[in-house]
Every structure is written in C-alpha cells, then in structure tokens.
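All remarks here apply to the structure that follows.
As the structure is a prediction and not an experimental result, all values here were calculated from the model. Just the heavy atoms: all of them, side chains too, but no hydrogens, waters or symmetry mates, feed the values below.
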Amino acid sequence: QVQLVESGGGLVQAGGSLRLSCAASGRTFSSYAMGWFRQAPGKEREFVAAISASGISTYYSDSVKGRFTISRDNAKNTVYLQMNSLKFEDTAVYYCAADRLRLRLPVPTTDADFGSWGQGTHVTVSS
C-alpha cells in the first residue's frame, strides 16, 4: 500500500497557474505509474493526466492537453501537475493516484487501474 498526500491547491484567477504536488510513501514509487484525477461539484470524478513509472510516457485528457503538464521526480517520490491557462471549468478537487500494477504500459487512465488515492486538494478558478 502507498500513502499519497497532495498539496498546492488554492484560489487562482482564470488564466493563472498552479502547481500541484503529490508526495508518496510506503512502497517503491519509481515502479508505479501515477495519475491525477479531478471531481467538480455535482460531477463524477474524471481522468486528468497520467505518467509512466519511468516518467517517459504521459497521457492527458483532451480538456487539459496543452495546458497541464504531469511530471515526476522519482528521487523525491513526488509527482507534479503544472496547470497553466486555468479556466473556471478547471475548478475541482484534484486527486493523486497510484497504479495497482508495477511498470504498466501504456499508462493507465481509468479509476479502476489505480489502487491508492490521496485525500484531494481543492482548486478554485475565479472567472
């Protein structure tokens, strides 16, 4: 089992930027793909981005492609989500998640692929 703790959320104006961080502990971080999901008020949780264990492969939802960047630092057991050009519709609770399987490729993109979740961090974009 892995423990995940997100940070970096907050209030930002539309067009602004935020960087979310997710610190992992409890197992070999560098062996597992990581993902970011979000859940807006009244909506289901949705996939945002994922990154392979090595960090070489990434995948994004169409809604964030070109604006968000997922990255990881395996030496620090941390995954990041750099969010630029934020829009009002990016407002949500953002969750970090760790893959159930080691070294999975292609990167996972569905809820069921991820076995560990953080508590979430709130991102509010004001219009």
Partners passing side chain to side chain donor-acceptor pair (under 3.5 Å) against K65 (at least two apart in sequence or in another chain)
D62

In the hydrophobic clustering that connects Ile, Leu, Val, Met, Phe, Trp and Tyr at side-chain heavy-atom distances below 4.5 Å, which members other than L103 occupy its cluster, ordered by chain and number?
none

V123 side chain near L18 side chain, heavy-atom distance below 4.5 Å
yes

Return a table of donor-acceptor pairs under 3.5 angstrom between the side chains of residues 50-60 and protein atoms on other chains or two or more places apart.
residue: S52; atom: OG; partner: S54; partner atom: OG; Å: 3.4
residue: S52; atom: OG; partner: G55; partner atom: N; Å: 3.3
residue: S52; atom: OG; partner: I56; partner atom: N; Å: 3.3
residue: S52; atom: OG; partner: S57; partner atom: N; Å: 3.0
residue: S52; atom: OG; partner: S57; partner atom: O; Å: 3.4
residue: S54; atom: OG; partner: I56; partner atom: N; Å: 3.2
residue: Y60; atom: OH; partner: I70; partner atom: N; Å: 2.9

Heavy-atom donor-acceptor pair, T91 side chain to T124 backbone, under 3.5 Å:
no

Contacts satisfying salt bridge (Lys or Arg N to Asp or Glu O under 4.0 Å) that involve residues 111-127 (not counting sequence neighbours) are R45-D111, R104-D113

Nearest-0.5 Å distance, CE of residue M34 to CG of residue N77
9.5 Å

Keeping to residues at least two apart or across chains, list the ring pair (Phe, Tyr, Trp, His ring centres under 6.0 Å) pairs with something in residues 66-86.
none

Partners passing side-chain contact (heavy atoms from CB on, under 4.5 Å) against S116 (at least two apart in sequence or in another chain):
Q1, V2, L4, A98

Under the rule for side chain to side chain donor-acceptor pair (under 3.5 Å), what residues qualify as partners of S126, not counting sequence neighbours?
none

Any chain of hydrophobic side-chain contacts (each under 4.5 Å) joining F47 to L81?
no

Show your reasoning for whether side chain to side chain contact (heavy atoms under 4.5 Å, CB included) applies to M83 and L20.
CA-CA 8 Å; M83 306 186 295; L20 306 183; 3.8 Å; yes

Hydrophobic cluster identity match, V79 and V107, side-chain contacts under 4.5 Å:
no

In this structure, OG of S25 is separated from CD of Q3 (nearest 0.5 Å) by 4.5 Å

Kindly write out the residues that satisfy side-chain contact (heavy atoms from CB on, under 4.5 Å) with A40, not counting sequence neighbours, or none if the list is empty.
K43, A92

Within residues 24-41 or reaching into it, pairs that qualify as salt bridge (Lys or Arg N to Asp or Glu O under 4.0 Å) - sequence neighbours excluded:
R38-E46, R38-D90

Would you please name every residue forming a side-chain contact (heavy atoms from CB on, under 4.5 Å) with S17, sequence neighbours left out?
Q82, N84

Of all residues at least two apart in sequence or in a different chain, which pass the side-chain contact (heavy atoms from CB on, under 4.5 Å) check with T28?
S30, S31

Per the ring pair (Phe, Tyr, Trp, His ring centres under 6.0 Å) rule, what does the pair list look like for residues 94-126, sequence neighbours excluded?
F37-F114, F37-W117

Do Q39 side-chain atoms and E44 backbone N/O form a donor-acceptor pair below 3.5 Å?
no

When rounded to the nearest 0.5 angstrom, what distance separates OH in Y32 from CZ in R100?
12.0 Å

Hey, any chance V12 and V64 share a hydrophobic cluster, counting ILVMFWY side chains that come within less than 4.5 Å of each other, even indirectly?
yes

Any side-chain heavy atom of K76 sitting closer than 4.5 Å to one from F29?
no

